[in-house]
Amino acid sequence: MALDFSVSRLRRYFVTGLATVLPIGFTAFVFWFLISRLGSLLRPALAHAWLARLPGWILTLAGFVIIVLIVLAVGALTSGLGGRWFIGWFDRQMRRLPVVRSIYGSARELTDAVFVRRSSLRKTVLAEYPRRGMFAIGFLTSDERFKLADGREAVFVFFPTTPNPTSGWLVLVPEEDLTETALSIDEGLKLVVSGGVVRPDSLKQGVLRRRTSAASEG
């Protein structure tokens, strides 16, 4: 019995250790990968004259910092009116090229989904989708209401897929069929990406409320 007890305790320690080490290790690996890969792009250009005598890891780190500064500079320049016009013009030109447009278009859609459209999400909601009795996490994409043929008002809701939230379905849902949650957009995305493993406290406490007064009257 003592042996079994010690084995079970060691197993518990091992699992707890993995749960602690894996996130730290994964985060360190991602940073190492980004710094080493991106920094190595400019490393040959920096390995000249007196810079060649510096350790290789310093050149790699310097290349990574320069790339980050370049990205920040591009972001600052394209945030203005002239920059947005140039990006729009450049985007149209790239989409006209026969072979390039398929690659560029896919990359543009992916970056827009991850960095642009995410900021346009309004609220995290629940709706019975794809059928009655099954509730899916969705995101309200607009505050604009649309009148249905039966007189009800509906809104657009985006239902992302797990674990890739950049794909999903855009559904026009009657407003009375939506349940507003206390989840923020980030909490809702974490819930979807993790497949329900990462559950925010607001969801654990069951903090759900009907979004419309019509639903509460029912």
Side-chain angles (χ1 to χ4, degrees), residues 1-43 46 54-72 74-75 106-107 109-127 129-130 134-141 157-169 179-209:
M1 290 296 294
L3 181 60
D4 293 339
F5 179 76
S6 62
V7 170
S8 62
R9 176 174 292 183
L10 288 176
R11 185 185 299 112
R12 186 173 69 252
Y13 288 163
F14 182 76
V15 172
T16 303
L18 278 181
T20 304
V21 172
L22 284 180
I24 299 175
F26 180 75
T27 303
F29 172 77
V30 170
F31 274 96
W32 169 82
F33 182 82
L34 289 176
I35 293 175
S36 62
R37 296 303 177 184
L38 293 179
S40 62
L41 295 177
L42 294 181
R43 182 173 173 177
L46 297 176
L54 295 176
W57 67 270
I58 294 183
L59 295 179
T60 300
L61 183 60
F64 175 76
V65 172
I66 292 175
I67 289 180
V68 171
L69 293 177
I70 292 175
V71 172
L72 289 174
V74 171
S106 300
E109 291 177 3
L110 178 61
T111 54
D112 286 348
V114 175
F115 298 105
V116 180
R117 294 173 194 165
R118 175 179 174 179
S119 62
S120 65
L121 302 179
R122 304 296 184 187
K123 295 179 181 179
T124 305
V125 297
L126 285 177
Y129 181 83
M134 296 179 62
F135 288 86
I137 292 286
F139 298 96
L140 197 67
T141 59
V157 178
F158 175 69
F159 294 99
T161 57
T162 300
N164 177 21
T166 61
S167 62
W169 297 268
T179 300
E180 184 178 333
T181 74
L183 299 175
S184 66
I185 299 300
D186 287 337
E187 289 175 336
L189 288 173
K190 289 179 182 178
L191 183 64
V192 171
V193 171
S194 67
V197 175
V198 179
R199 294 182 293 273
D201 292 336
S202 55
L203 183 65
K204 295 177 183 178
Q205 297 169 2
V207 184
L208 303 175
R209 54 185 181 275

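Residue indices begin at 1 and follow the sequence shown.
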request  = Might you point out which heavy atoms bring T60 and I35 nearest each other, and give the distance in Å?
outcome  =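 Between these two residues, the closest heavy atoms are CG2-O, 3.4 Å.
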ask   = Is any side-chain heavy atom of W169 closer than 4.5 Å to a side-chain heavy atom of T161?
value =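 In short, these two side chains touch, coming nearer than 4.5 Å.
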Separation of L126 CG from L183 CG (nearest 0.5 Å) =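 Nearest 0.5 Å value for the CG-CG distance: 7.5 Å.
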ask   = From L191 CG over to D186 CG, what is the distance, rounded to the nearest 0.5 angstrom?
value =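 Here the rounded value is 12.5 Å.
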Pairwise distance CG(L69) to CZ(F64) - rounded to 0.5 angstrom =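 L69 atom CG to F64 atom CZ measures 10.0 Å (nearest 0.5 Å).
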ask   = Can you tell me how far the CG atom of L72 sits from the CD1 atom of I67, to the nearest 0.5 Å?
value =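 The distance works out to 12.0 Å.
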key: Heavy-atom pair of closest approach, residues R122 and T141   =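 Shortest heavy-atom contact: CG-C, 3.9 Å.
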task = List the atom of I137, the atom of P160, and the distance in Å for their closest heavy-atom pair.
result =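 Looking at all heavy atoms of both residues, the closest pair is O-CD, 3.6 Å.
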ask   = Just how far is it from atom CZ of F159 to atom CZ of F139, taken to the nearest 0.5 Å?
value =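 Between atom CZ of F159 and atom CZ of F139 there are 10.5 Å.
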